[in-house]
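Computed from a prediction, not measured in an experiment: that's the story for all the values here. We count ligands from 1, going down the list as the structure has it; atoms in each ligand are counted the same way.
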Amino acid sequence: MSLYCGIACRKKSFWCYRLLSTYVTKTRYLFELKEDDDACKKAQQTGAFYLFHSLAPLLQKSEQRYQAPQYSLLELERLLAKFGQDTQRIEDSVLIGCSKQHEAWFALDLGLNSSSSLNASLQKAEMEIELKGSFTDLRKALFQLNTKDASLLTTAQALLRWHDAHQFCSRSGQPTKKNVAGSKRVCPSSKIIYYPQAPTRISIPSSQMAPVVITLVSDGTRCLLARQSSFPKGMYSALAGFCDIGESLEEAVRREVAEEVGLELERLKYSASQHWSFPNSSLMIACHASVKPGQTEIQVNLKELEAAGWFSHDEVATALRRNNPYTQQQNGTFWLPPKLAIAHQLIKEWVEKPSCSTLPA
Ligand SMILES: NC(=O)C1=CN([C@@H]2O[C@H](COP(=O)(O)OP(=O)(O)OC[C@H]3O[C@@H](n4cnc5c(N)ncnc54)[C@H](OP(=O)(O)O)[C@@H]3O)[C@@H](O)[C@H]2O)C=CC1
Ligand SMILES: [Mg+2]
């Protein structure tokens with residue numbers, strides 16, 4: 001098995017950022033801020049904040065164009081102080097992205113009830129005078145903004161709305177607590193973790209299905225398989241990951257591959273979907289993807305995966321013929337997911353048609 005475990009070099013942050021494309025380093029930086037409250041708090045110091053009021057983004061008009069102004073943490077603290085607000089309200093902010101230079105972007109709603117500050121929400125009219133702008137209905141704002149701001153503010157509004165609607169645990173009734181980035185909420189009493197697309201973890205039979213992308217990456221002759229420590233010993237599968245709120249399936253596929261193995265996709269092609277019940281209801285959306293030839297060096301995200309590697313067509317075809325790993329466990333052999341799993345279907349499709357034609361990612 002030509003297993004190449006790209007060992008992530010653990011420096012201060014999760015990974016050293018050399019040799020990775022801008023897209024991959026940006027994706028991994030955001031992953032780190034979602035995982036590490038201290039890192040996210042630190043990023044707020046040099047970050048930029050977009051302001052909302054009751055889910056309407058602040059726009060300012062300059063010449064004939066509208067733009068969404070950004071405020072530094074210091075400017076925000078001064079603004080809140082001017083309106084007699086404590087800076088606790090900044091804890092309601094959510095991470096919505098970052099620049100190529102890793103300047104983190106946050107969104108903060110000054111009109112929704114705050115779960116971090118006892119002060120009432122700030123008056124819209126007074127804020128607009130002070131900020132020389134107007135809090136504009138997002139659907140209207142989309143016609144006035146450039147694509148980048150429109151997409152960012154749409155994600156921001158979805159995340160702010162989700163947090164506003166998930167202040168309490170549906171099992172214990174207790175207030176839930178947001179992590180600094182706002183990528184999840186946790187109930188300290190029931191320990192349930194809520195994600196901005198579906199409740200999960202300690203199971204509440206969720207009526208929702210969390211969308212999950214699963215991707216078999218190929219470099220033209222080999223395919224990339226990975227394993228988590230929770231997998232049965234020796235079992236490898238395709239890369240999978242939950243979609244984040246506000247992102248398209250294509251964006252989720254590219255992000256998950258960048259986060260988990262540090263590769264940038266060139267092309268991808270939809271294959272099939274499947275309802276999957278473990279550990280909670282997920283809608284698995286499967287696709288084939290390819291990387292640019294020569295850009296195949298894996299850097300494993302050891303916070304997510306135990307190992308990952310490139311496997312030859314013959315190795316995978318042989319593994320597909322193996323039956324149940326639990327009856328013929330042999331050391332040094334790798335196994336594939338059961339026939340029922342869409343991962344198995346993806347891998348079988350690739351073995352039968354290694355050149356699954358893919359579309360630009
Ligand atoms: N049918 C099939 O063939 C296959 C199905 N799967 C399924 O796909 C799903 C996703 O795979 P996995 O690689 O674990 O996903 P991810 O790569 O997204 O990693 C899981 C992590 O994502 C975070 N997360 C974000 N949203 C959710 C959510 N709604 N529920 C749970 N965790 C969330 C959690 O991190 P944190 O705790 O840090 O917030 C969690 O530890 C799994 O449920 C798995 O069972 C996987 C492979 C094959
Ligand atoms: Mg995953």
Check for me whether Gln228 has a heavy atom closer than 4.0 Å to any atom of ligand 1.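 Gln228: in contact with ligand 1 (<4.0 Å).
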contact_flag Lys34 ligand 1 heavy-atom lt 4.0 Å: no
With distance as the sole criterion, is a donor-acceptor pair present between the side chains of [X] and [Y] under 3.5 Å?
X: Tyr194; Y: Ser170; answer: yes
X: Ser312; Y: Glu315; answer: yes
X: Arg185; Y: His163; answer: yes
X: Ser281; Y: His275; answer: yes
X: Gln167; Y: Thr176; answer: no
X: Glu352; Y: Trp350; answer: no

When you look for heavy atoms under 4.0 Å from ligand 1, do you find them on the side chain of Ile193, its backbone, both, or neither? neither
Less than 6.0 angstrom from the centroid, inside 45 degrees of the normal: does Lys178 satisfy that with respect to the ring of Trp162?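 Verdict for Trp162: no cation-pi partner in Lys178.
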Between [X] and ligand 1, is there a nitrogen or oxygen pair with a distance under 3.5 Å?
X: Phe278; answer: yes
X: Phe242; answer: yes
X: His344; answer: no
X: Ala240; answer: yes
X: Ala341; answer: no

If you apply the rule ring pair (Phe, Tyr, Trp, His ring centres under 6.0 Å), what do you find for Phe334 with Phe311, and how did you get there? CA-CA 10 Å; Phe334 74 98; Phe311 291 76; 4.6 Å; yes
Mark up the atoms of ligand 1 that fall under 4.0 Å of a heavy atom belonging to [X], in ascending order.
X: Lys184; result: 36 (P), 37 (O), 38 (O), 39 (O)
X: Glu304; result: 16 (P), 17 (O), 19 (O)
X: Ala343; result: 3 (O)
X: Gly241; result: 15 (O), 16 (P), 17 (O), 18 (O)
X: Glu35; result: 38 (O)
X: Val212; result: 8 (O), 9 (C), 10 (C)

Please determine if Lys82 and Glu130 form a salt bridge, counting it only when a charged side-chain N lies under 4.0 Å from a carboxylate O.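 Salt bridge flag = yes for Glu130 with Lys82.
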Is Asp219 salt-bridged to Lys292, going by a charged N under 4.0 Å from an acidic O?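 No salt bridge links Asp219 with Lys292.
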So, at under 2.8 Å, which protein N, O or S atoms would a careful student list around the Mg ion (ligand 2)?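 Listed by chain and number, the nearby protein N, O or S atoms are Ala240 O, Glu260 OE2.
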Count the heavy atoms belonging to other residues, nucleotides or ligands that lie under 6.0 Å from NZ of Lys34, then report whether that count exceeds 12.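 Above 12, so yes.
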Count the heavy atoms of every other residue, nucleotide or ligand shown that sit under 6.0 Å from NZ of Lys132, and state whether that count exceeds 12. no
Nearest heavy atom to atom 39 (O) of ligand 1 wins, so pick from Tyr195, Phe31, Tyr194. Tyr195
Closest to atom 17 (O) of ligand 1 (judged by heavy-atom distance), picking from Glu259, Gln345, Glu260: Glu260
Measure the spacing between CZ of Arg254 and CG of Leu249 and express it to the nearest 0.5 Å. 14.0 Å
Minimal non-hydrogen separation, Phe106 against Ala104, with atom names: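 Of all heavy-atom pairs spanning Phe106 and Ala104, the closest is CE1-CB, 3.5 Å.
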